[in-house]
Amino acid sequence: MRGDELVAGIARRLDVDAGQVVIGGGSISLLQQTLVAYTGPGTEVIYAWRSYEAYPIIVGVAGAASVAVPLTDECAHDLEGMLTAITPRTRAIIVCNPNNPTGTEIAQDELVAFLDRVPSGILVLLDEAYWEFRTDNLDGVEIARRYPNVVVFRTFSKAYGLAGLRVGYLVTSSSIAENVRATCLPFGVNAIAEAAASAAWADPEHTARIVSAVTNGREHLESALVELGVPVKASGANFVWAPVGRHARALEAECVAHGVSVRAFDDEGVRITVGEREAENAVITAFGSYLHTTTLDEQQAHHKTVSRGEGTVT
Ligand SMILES: Cc1ncc(COP(=O)(O)O)c(C=O)c1O
């Protein structure tokens with residue numbers, strides 16, 4: 001009913017108790033369930049912005065208010081700013097590492113220094129959807145062993161290529177896991193999805209090959225774009241972030257004209273997901289042809305002030 005076989009496999013490899021692992025229909029489902037279990041009307045949830053676009057939605061579904069703290073000029077989490085945003089109403093802080101869509105990573109010592117200053121009654125939801133593609137050695141599960149208020153979310157959607165089957169897992173202290181488990185629908189992960197995730201989990205060499213192909217493609221994209229003068233950020237995910245400001249839409253259109261789809265965020269930048277070499281080269285050609293006629297005179301334009309929501313469902 002609760003995916004015991006997959007839970008046991010995950011717990012064994014990660015060397016945690018099975019009671020500390022919960023699986024669900026994608027990590028987004030588990031993130032939402034955790035927010036529903038621990039937050040609600042009258043409470044606040046802090047996250048960085050720009051980050052994963054589902055955060056404002058799931059915080060709204062839980063009935064809590066969003067507190068969005070702008071990224072730094074380096075497109076990274078402003079951990080100091082997030083600490084400053086804590087109020088007596090704060091119940092949870094979401095930390096996306098590596099961050100979607102900027103790919104930026106938090107150093108282990110920075111995260112530890114941050115966690116040391118977060119009151120222990122506030123949950124820290126560490127979203128590691130892109131963990132397998134990281135460039136540093138930060139391991140949320142190791143962190144969660146030391147900080148019982150940390151909940152780590154990972155997924156079979158990215159490095160395992162099983163997004164359509166909807167399987168994610170979380171690792172945390174047994175008591176938090178028990179509370180989140182109470183919000184799970186029975187048989188929430190269907191038998192086919194569980195079998196696929198178990199098979200993928202049992203084949204780490206295969207996953208390593210995928211991760212290596214993706215990180216090679218990422219390096220290819222990063223170095224070619226840097227050579228063209230695009231201010232890309234070093235990425236620890238399966239995409240590259242180009243903070244091209246007001247050029248985002250035009251660059252997206254240029255990529256589409258070259259037969260590839262990228263994701264533009266108005267006046268902020270373009271996220272390019274690593275694909276096949278042919279697609280990467282099409283992106284590079286598209287950027288090259290755009291830059292032939294236009295100069296990138298503007299970097300990422302992001303909102304500089306903390307935004308506090310009303311806690312309504314939108
Ligand atoms: C940062 C982040 N977290 C979570 C998810 C959700 O992934 P899933 O629900 O497929 O596990 C995504 C998907 O894009 C993501 O980018």
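Counting convention: from 1, in listed order, for ligands and their atoms alike. Computed from a predicted structure; not experimentally measured.
- Side-chain N/O atoms of Tyr52 and Asp127 include no donor and acceptor closer than 3.5 Å.
- In terms of protein heavy-atom proximity, atom 5 (C) of ligand 1 is nearest to Tyr52 CE2, 3.4 Å.
- In this structure, the protein non-hydrogen atom closest to atom 10 (O) of ligand 1 is Ser157 OG, 2.6 Å.
- The shortest contact between atom 11 (O) of ligand 1 and any protein heavy atom is with Thr155 OG1, 2.5 Å.
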Side-chain atoms of residues 197-205: list all donor-acceptor pairs with protein atoms under 3.5 Å, sequence neighbours left out, distances to 0.1 Å.
from: Ser198; atom 1: OG; to: Glu194; atom 2: O; distance (Å): 2.9
from: Trp201; atom 1: NE1; to: Gly9; atom 2: O; distance (Å): 3.0
from: Asp203; atom 1: OD1; to: His206; atom 2: N; distance (Å): 3.4

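- With a 4.0 Å cut-off on non-hydrogen atoms, Tyr130 touches ligand 1 through its side chain and not its backbone.
- Atom 9 (O) of ligand 1 has as its closest protein heavy atom Arg166 NH2, 2.8 Å.
- Between Ser27 and ligand 1, at least one pair of N/O atoms sits closer than 3.5 Å.
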Scan the side chains in residues 160-176 for donor-acceptor partners under 3.5 Å anywhere in the protein, sequence neighbours excluded, and list what turns up.
from: Arg166; atom 1: NH1; to: Ala163; atom 2: O; distance (Å): 3.1
from: Thr172; atom 1: OG1; to: Val150; atom 2: O; distance (Å): 2.9
from: Ser173; atom 1: OG; to: Pro148; atom 2: O; distance (Å): 3.1

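- Remark: the Ser29 side chain and the Gln33 side chain contain an N/O donor-acceptor pair separated by less than 3.5 Å.
- Of all the atoms in ligand 1, the ones that sit under 4.0 Å from a non-hydrogen atom of Cys96 are 1 (C).
- Under the salt bridge (charged side-chain N to carboxylate O under 4.0 Å, His left out) test applied with Asp266, the options Arg50, Arg246, Arg249 reduce to a single match, Arg249.
- Every N/O-N/O distance between Ser29 and ligand 1 stays at or above 3.5 Å.
- An N or O contact shorter than 3.5 Å links Ile28 to ligand 1 by distance.
- Of the N and O atoms on the side chains of Glu254 and Ser289, at least one donor lies less than 3.5 Å from an acceptor on the other residue.
- Of all protein heavy atoms, the one lying nearest to atom 3 (N) of ligand 1 is Asp127 OD2, 2.6 Å.
- Ion pairing of Arg117 with Glu80 is present here, as a side-chain N (NZ or NE/NH1/NH2) and a carboxylate O approach within less than 4.0 Å.
- Residue contacts with ligand 1 leave out Gly168, since none of its heavy atoms falls under 4.0 Å from the ligand.
- If you take CG on Leu221 and CZ on Phe239, they are separated by 12.5 Å, rounding to the nearest 0.5 Å.
- Atom 14 (O) of ligand 1 has as its closest protein heavy atom Lys158 NZ, 2.7 Å.
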